[in-house]
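The structure appears below as structure tokens.
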There are 2 protein chains.
Amino acid sequence: MGIEEIGEQIKQRRDILHIQQKDLAELSGVSLRTIIQIESGLANPSINTLQKLAQVVGMQIQLVIKNK
Amino acid sequence: MGIEEIGEQIKQRRDILHIQQKDLAELSGVSLRTIIQIESGLANPSINTLQKLAQVVGMQIQLVIKNK
DNA sequence: ACCCATAGTGCAATATATTGCATATTTAAC
DNA sequence: GTTAAATATGCAATATATTGCACTATGGGT
């Protein structure tokens with residue numbers, strides 16, 4: 001699960017819910033600028049920031065054991 | 001999944017594997033100082049940092065859809 | 001073509017994560 | 001109780017995430 005992948009997942013989920021980046025920014029409290037960077041895979045967000053976004057789009061962060 | 005919970009999970013997993021904080025620091029490239037802070041729930045790590053630790057203890061970050 | 005909304009970029013400023021060092025505390029073993 | 005290893009803390013320095021502003025680019029509709 002790389003940084004690009006995480007950004008991509010947020011973006012996909014946001015698209016499914018028909019939420020715009022601007023709205024996600026307002027709903028999450030994370031700046032539009034940062035959201036763009038995260039979705040583009042250019043950012044290395046903190047857990048807090050990622051959680052704010054995840055919550056708005058109905059997701060959550062998990063730390064799971066790798067089976068391989 | 002809060003920050004305290006994440007730190008706790010890393011710590012638990014590290015204990016199971018009998019890895020010391022110092023060794024986790026060397027293996028992951030994350031400073032001992034930072035590891036202590038994360039495990040104590042005092043830090044808000046970046047995805048990169050968390051991934052470095054997770055990998056050493058055989059875990060991975062996932063972004064999953066909340067079913068509730 | 002033109003408008004308009006949405007998404008993305010460059011750059012500088014600010015907030016915050018990460019680090020090292022010295023020191024303290026806990027824990028375990030003897 | 002003493003020692004030593006492991007874990008934790010205060011503080012300052014550095015690296016980096018986050019932000020705002022102005023601007024550019026992209027895409028859809030008329």
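Chain naming here is simple, since letters A, B, ... match the order of the sequence lines and numbering starts at 1 in each.
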How long is the line joining CG of B:Asn48 and P of D:dA15, in whole Å? 17 Å

d(NE2, A:His18; C1', C:dT6) in whole Å: 15 Å

Using the side-chain contact (heavy atoms from CB on, under 4.5 Å) rule, pick out the option among B:Leu27, B:Asp23, B:Leu17 that qualifies with B:Val56. B:Leu27

Closest approach of A:Ser40 to A:Ile36 (non-hydrogen atoms, all atoms of both residues): OG-O, 2.7 Å

Which is true for B:Thr34 with a 4.0 Å heavy-atom rule: it touches a base, it touches only sugar-phosphate, or it touches nothing? base

Contact list for DNA chain D against residues 53-64 of chain A - heavy-atom distance below 4.0 Å: none

Out of curiosity, B:Glu26 CD to B:Gln20 CD, how far, rounded to the nearest 0.5 Å? 9.5 Å

Mind grabbing the angle between the end helix axes of the helix from C:dA1-D:dT30 to C:dC30-D:dG1? Five pairs an end, 10° rounding. 60°

The reported gap from CD1 in A:Ile35 to CZ in A:Arg33 (rounded to nearest 0.5 angstrom) is 12.0 Å

Do B:Val64 and A:Val64 have side-chain heavy atoms sitting under 4.5 Å apart? no

Spacing of B:Ile35 atom CD1 relative to C:dA17 atom C1', expressed in whole Å: 14 Å

Might you list the N or O atoms of the protein lying below 3.5 Å from N or O atoms in nucleotides 27-29 of chain C, with each pair's distance?
none

From CG of B:Asn44 over to P of D:dT16, roughly how many Å is that when rounded to an integer? 17 Å

Reckon A:Ser46 has a side-chain N or O less than 4.0 Å from the OP1 or OP2 of C:dT16? no

Kindly compute the distance separating CD1 (B:Ile47) from CD1 (A:Ile47), expressed to the nearest 0.5 Å. 4.0 Å

Rounded to whole Å, please give me the gap between CG in B:Leu50 and C1' in D:dT16. 17 Å

Please list, for nucleotides 6-12 of chain D, all pairs of protein and nucleotide N/O atoms separated by less than 3.5 Å.
| residue | atom | partner | partner atom | Å |
| --- | --- | --- | --- | --- |
| D:dA6 | OP1 | B:Gln20 | OE1 | 3.0 |
| D:dA6 | OP1 | B:Gln20 | NE2 | 2.3 |
| D:dA6 | O5' | B:Gln20 | OE1 | 3.3 |
| D:dT7 | OP1 | B:Arg14 | NH1 | 3.2 |
| D:dT7 | OP2 | B:Gln21 | N | 3.1 |
| D:dT7 | O5' | B:Gln21 | OE1 | 3.4 |
| D:dA8 | OP2 | B:Gln21 | NE2 | 2.5 |
| D:dG10 | N7 | B:Arg33 | NH1 | 3.3 |
| D:dG10 | N7 | B:Arg33 | NH2 | 3.3 |
| D:dG10 | O6 | B:Arg33 | NH1 | 2.2 |
| D:dC11 | N4 | B:Arg33 | NH1 | 2.6 |

For A:Asn44 against B:Asn48, the heavy-atom pair lying closest together: OD1-N, 2.9 Å

Here the pair of heavy atoms bringing B:Ile10 nearest to B:Glu39 is CG2-OE2, 3.9 Å

Taking all atoms of both residues into account, what is the closest heavy-atom pair of A:Leu24 and A:Ile19, and its distance? N-CG2, 3.7 Å

Which atoms form the tightest heavy-atom contact between B:Ala25 and B:Ser31, and what is the distance? CB-C, 4.1 Å

Tell me every residue that passes side chain to side chain donor-acceptor pair (under 3.5 Å) with B:Ser28, counting only those two or more places apart in sequence or in another chain. none

Among residues at least two apart in sequence or on other chains, which ones pass side chain to side chain donor-acceptor pair (under 3.5 Å) with B:Gln9? none

Pairwise distance NZ(A:Lys11) to CD(A:Gln21) - rounded to 0.5 angstrom: 6.0 Å

